Student: 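Supplied in structure tokens, the structure appears directly below.
Not measured: the values here are computed from a predicted model. Counting starts at 1 for both ligands and their atoms, following the listed order.
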Amino acid sequence: MRVDDVCVIGAGPYGLTATAHLRAAGVNARILGDVMSFWRTMPDGMLLRSSRNAISLSDPARALSLDDFERERASPLPSPVARADFVRYGEWFQRRSLPDVDPRPVEHVAPIDGGFRVLLSDGDILLARRVVVATGLANFARRLPVFDRLQPDQVTHSLHLRDCSIHRGKQVLVIGSGQSALEAAVLLTEAGARVELVTRAPRIYWLAQTHDTNGGWGPLELLLYPPGAIGPPGINLCVKLPRLYRALPGPVRIRGFTRAVRPAGSDWIRPRFAGVTETLGRSVTTAETIGDRIRVGLDDGSDRLVNHVVQGTGFEIDVSRFGVLSPEIVRSLRTLGGQPRLGPRFESSVAGLHFLGAASDLSYGPLMRAIAGTGFAAKSLTRQVVAGLSRAGDPQWRKTTLAVEPGLDFVPALPGNRS
Ligand SMILES: Cc1cc2nc3c(=O)[nH]c(=O)nc-3n(C[C@H](O)[C@H](O)[C@H](O)COP(=O)(O)OP(=O)(O)OC[C@H]3O[C@@H](n4cnc5c(N)ncnc54)[C@H](O)[C@@H]3O)c2cc1C
């Protein structure tokens, strides 16, 4: 049975870039997952919130940037960059750097002595010394319990809002004040729905940095809003430097984090917002089905009769919801706000198990929620893996290989905590 040094689960921006860097460093890394699948499920007509200078995927040869992609396709990409173009870019990156991505979903990851056993959906079993979980946000949609009793076709999380035209002529309530909610409200309105946006926040924040102003103020703008910046000037510099961010005292980090990722919308949504009815500073308290409609009650005692509800309520990472981790792993993970608590270079308290992307943002800061964080994450991880491989002893690994020969059960002991 083949044993990989590393098995990367997930073929989105983080999984692709991490694998590209690992392989360039000579690591035998396998990558599993449906390439850019998360981005393919987002709404038609969606534009990226990030400016184009913050969405290049990190490749070790520096030959696969968005600019390289644009040059090769010989036609300029409009700015803001469209979701569909970003998907094409990601797929191009994958074809160029990792043509052998294995699309099979992972069902289960369990520890064995000296590594991990990875079970695929078709029953195949792989062994790896290290596993990198880069499965993104798809399992972590935050849903309001008040809607639990509604039918799935009455209430959608913004994550699953693909075709807005099916709501043409309908009354739709959108909840939330972040990018997903605001953009959903606009796309639904433009598709012919009557949309009311309900936000808990008393106002909507619009981002000062826009695609149009990017670069337009010259060096001052680059200083205030460096490429990939998240948050207001000052805070965004700390966020851009994850090592500095980690070194800050806890309370400072938390305040910076909260401010950097405050719900807000891109400035380019604003002029398209005219047709949306806004109800600010209100929370949903009740929801019930009345015939083919939904009656939604708000905390001011008013109610609405609507055809559909869209929850633009964000995401909440919880180690028990990755869906692929064995109960032993979930029990052994030290956590930070529900996320795996990560040590140096993205390794969790289960030695050899790494997490990239949004699942690392409480440890490494909000940059890890964004494509702009892929370079830092991929390089840090690669350093750790290369150092770990040179330390790994063959005898222990031979034991692992024997222990998982077909027909034998998992070895339940977890590898010790090395961090
Ligand atoms: C509406 C919306 C808009 C956003 N806009 C921006 C933006 O403008 N700029 C920005 O920087 N960020 C944006 N983000 C954040 C974005 O999610 C991340 O930047 C980026 O997608 C993170 O990449 P990832 O590789 O961690 O996860 P994902 O892109 O979600 O990729 C996850 C991968 O894991 C795979 N996978 C999942 N489970 C399994 C399994 N069991 N087995 C095998 N494979 C599996 C999936 O198929 C996929 O390939 C946005 C997020 C949302 C929700």
Student: Any carboxylate oxygen within less than 4.0 angstrom of a Lys/Arg side-chain nitrogen, looking at Arg129 and Asp4?
Tutor: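 So Arg129 does not pair with Asp4 through a salt bridge.
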Student: So which protein heavy atom does atom 44 (N) of ligand 1 come closest to, and at what separation?
Tutor: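 Answer for atom 44 (N) of ligand 1: Gly33 CA, 3.5 Å.
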Student: Classify the side-chain pair Arg143/Gln311 by whether it contains a donor and acceptor separated by less than 3.5 Å.
Tutor: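 Result is no, nothing qualifies.
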Student: Give a yes or no on this: more than 12 heavy atoms of other residues, nucleotides or ligands lie within 6.0 Å of atom CZ of Arg149.
Tutor: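 It does not: Arg149 CZ has 12 such atoms or fewer within range.
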Student: Specify whether His167 and His308 have parallel, tilted or perpendicular ring planes, treating 30° as the upper limit for parallel and 60° as the lower limit for perpendicular.
Tutor: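 Because their plane-to-plane angle lies in the 30° to 60° range, the rings of His167 and His308 count as tilted.
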Student: Considering only heavy atoms, does Ala370 approach ligand 1 within less than 4.0 Å through its side chain, its backbone, both, or neither?
Tutor: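 The answer is both.
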Student: Does a salt bridge link Arg40 with Asp34, judged by any charged N lying under 4.0 Å from a carboxylate O?
Tutor: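 Answer for the salt bridge query: yes.
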Student: Looking at Arg52 and Asp67, is there a salt bridge between them, counting it only when a charged N and a carboxylate O are closer than 4.0 Å?
Tutor: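 Arg52 and Asp67: salt-bridged.
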Student: Look at Arg23 together with Asp100 and state whether they make a salt bridge at an N to O cut-off of under 4.0 Å.
Tutor: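 The answer is yes: the pair qualifies as a salt bridge.
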Student: Could you tell me whether some N/O pair between Ala11 and ligand 1 is separated by less than 3.5 angstrom?
Tutor: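 Yes - when backbone and side-chain N and O of Ala11 are compared with those of ligand 1, one distance drops under 3.5 Å.
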Student: Please determine whether a side-chain nitrogen of the Lys or Arg among Arg282 and Glu196 lies less than 4.0 Å from a carboxylate oxygen of the Asp or Glu.
Tutor: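 The answer is no: the pair does not qualify as a salt bridge.
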Student: Closer than 4.0 angstrom, basic N to acidic O: yes or no for Asp44 and Arg162?
Tutor: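 Salt bridge flag = yes for Arg162 with Asp44.
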Student: When you measure from atom 29 (O) of ligand 1 to every protein heavy atom, which one gives the shortest distance, and what is it?
Tutor: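 Here the nearest protein heavy atom works out to Pro13 CD, 3.3 Å.
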Student: Considering only protein heavy atoms, which is closest to atom 45 (C) of ligand 1, and at what distance to one decimal place?
Tutor: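 Of the protein heavy atoms, Thr135 CG2, 3.9 Å lies nearest.
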Student: Looking only at N/O atoms, are Val106 and ligand 1 under 3.5 Å apart anywhere?
Tutor: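 N/O-N/O distance under 3.5 Å: yes.
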Student: Considering only heavy atoms of Gly12, which atoms of ligand 1 have at least one such atom less than 4.0 Å away?
Tutor: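 Counting atoms of ligand 1 from 1, those under 4.0 Å from Gly12 are 25 (O), 29 (O), 31 (O), 33 (C), 48 (C), 49 (O).
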Student: Using a 4.0 Å heavy-atom cut-off, say whether Glu183 meets ligand 1 through its side chain, its backbone, both or neither.
Tutor: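 No part of Glu183 is near ligand 1 at this cut-off.
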Student: May I ask you to check whether Trp39 has an N/O atom sitting below 3.5 Å from an N/O atom of ligand 1?
Tutor: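 Trp39 vs ligand 1: N/O contact under 3.5 Å present.
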Student: Select one of side chain, backbone, both or neither to describe which atoms of Phe38 lie under 4.0 Å from any atom of ligand 1, heavy atoms only.
Tutor: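 Phe38 to ligand 1: side-chain contact only, backbone stays beyond 4.0 Å.
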Student: Short list, please: which atoms of ligand 1 are under 4.0 Å from a heavy atom of Ser37?
Tutor: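 What qualifies from ligand 1 is 46 (C), 47 (O), 48 (C), 49 (O).
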Student: Report, in ascending order of atom number, the atoms of ligand 1 lying under 4.0 Å from any heavy atom of Ala134.
Tutor: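 Taking each heavy atom of Ala134 in turn, ligand 1 has 32 (C), 33 (C), 34 (O) under 4.0 Å.
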Student: Looking only at distance, does Arg104 have an N or O less than 3.5 Å from an N or O of ligand 1?
Tutor: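 The answer is no, given that Arg104 and ligand 1 share no N or O pair closer than 3.5 Å.
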Student: Among all protein heavy atoms in this structure, tell me which lies nearest to atom 24 (P) of ligand 1, with the distance rounded to 0.1 Å.
Tutor: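 Protein heavy atom at minimum distance: Tyr14 CD1, 3.8 Å.
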Student: Just to verify, which of Phe69, Trp39, Phe38 counts as forming a ring-ring contact (aromatic ring centres under 6.0 Å, His included) with Phe86?
Tutor: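 Answer to the ring-ring contact (aromatic ring centres under 6.0 Å, His included) test with Phe86 among Phe69, Trp39, Phe38: Trp39.
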Student: Quick one: nearest non-hydrogen protein atom to atom 19 (O) of ligand 1, plus distance?
Tutor: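 The closest heavy atom on the protein side is Arg369 O, 3.2 Å.
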Student: Which atoms of ligand 1 have any heavy atom of Pro105 under 4.0 Å away?
Tutor: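 Heavy-atom distances to Pro105 below 4.0 Å select 42 (N), 43 (C).
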Student: Test of understanding: given a 4.0 Å heavy-atom threshold, classify the contact between Val324 and ligand 1 as side chain, backbone, both, or neither.
Tutor: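 The part of Val324 near ligand 1 is the side chain, not the backbone.
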Student: Does ligand 1 come near enough to Ile371 that some N or O of the ligand is less than 3.5 Å from an N or O of the residue?
Tutor: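 So ligand 1 has an N or O lying under 3.5 Å from an N or O of Ile371.
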Student: Test the Arg246-Tyr364 pair against the cation-pi criterion, namely NZ or CZ under 6.0 angstrom from the six-membered ring centroid and within 45° of the ring axis.
Tutor: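 Pair Arg246/Tyr364 counts as cation-pi.
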Student: Do me a favour and list the nearest non-hydrogen protein atom to atom 35 (C) of ligand 1 with residue, atom name and distance?
Tutor: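 Answer for atom 35 (C) of ligand 1: Gly10 CA, 3.5 Å.
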Student: Please work out, at 4.0 Å between heavy atoms, whether the side chain, the backbone, both, or neither of Met46 comes within that distance of ligand 1.
Tutor: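 Just the side chain.
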Student: Quick one: look up the protein heavy atom nearest atom 2 (C) of ligand 1 and list residue, atom name and how far away it is.
Tutor: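 The closest heavy atom on the protein side is Met42 CE, 3.7 Å.
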Student: For the atom pair OG (Ser326) and CD1 (Ile112), what is the distance rounded to the nearest 0.5 Å?
Tutor: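 One gets 11.5 Å once the value is rounded to the nearest 0.5 Å.
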Student: Roughly how far, to the nearest 0.5 Å, is CG of Asp124 from CD of Glu107?
Tutor: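 Answer for the CD-CG pair, Glu107 versus Asp124, is 12.0 Å.
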Student: For Phe315, counting its heavy atoms only, list the atoms of ligand 1 lying under 4.0 Å from any of them.
Tutor: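 The atoms of ligand 1 under 4.0 Å from a heavy atom of Phe315 are 53 (C).
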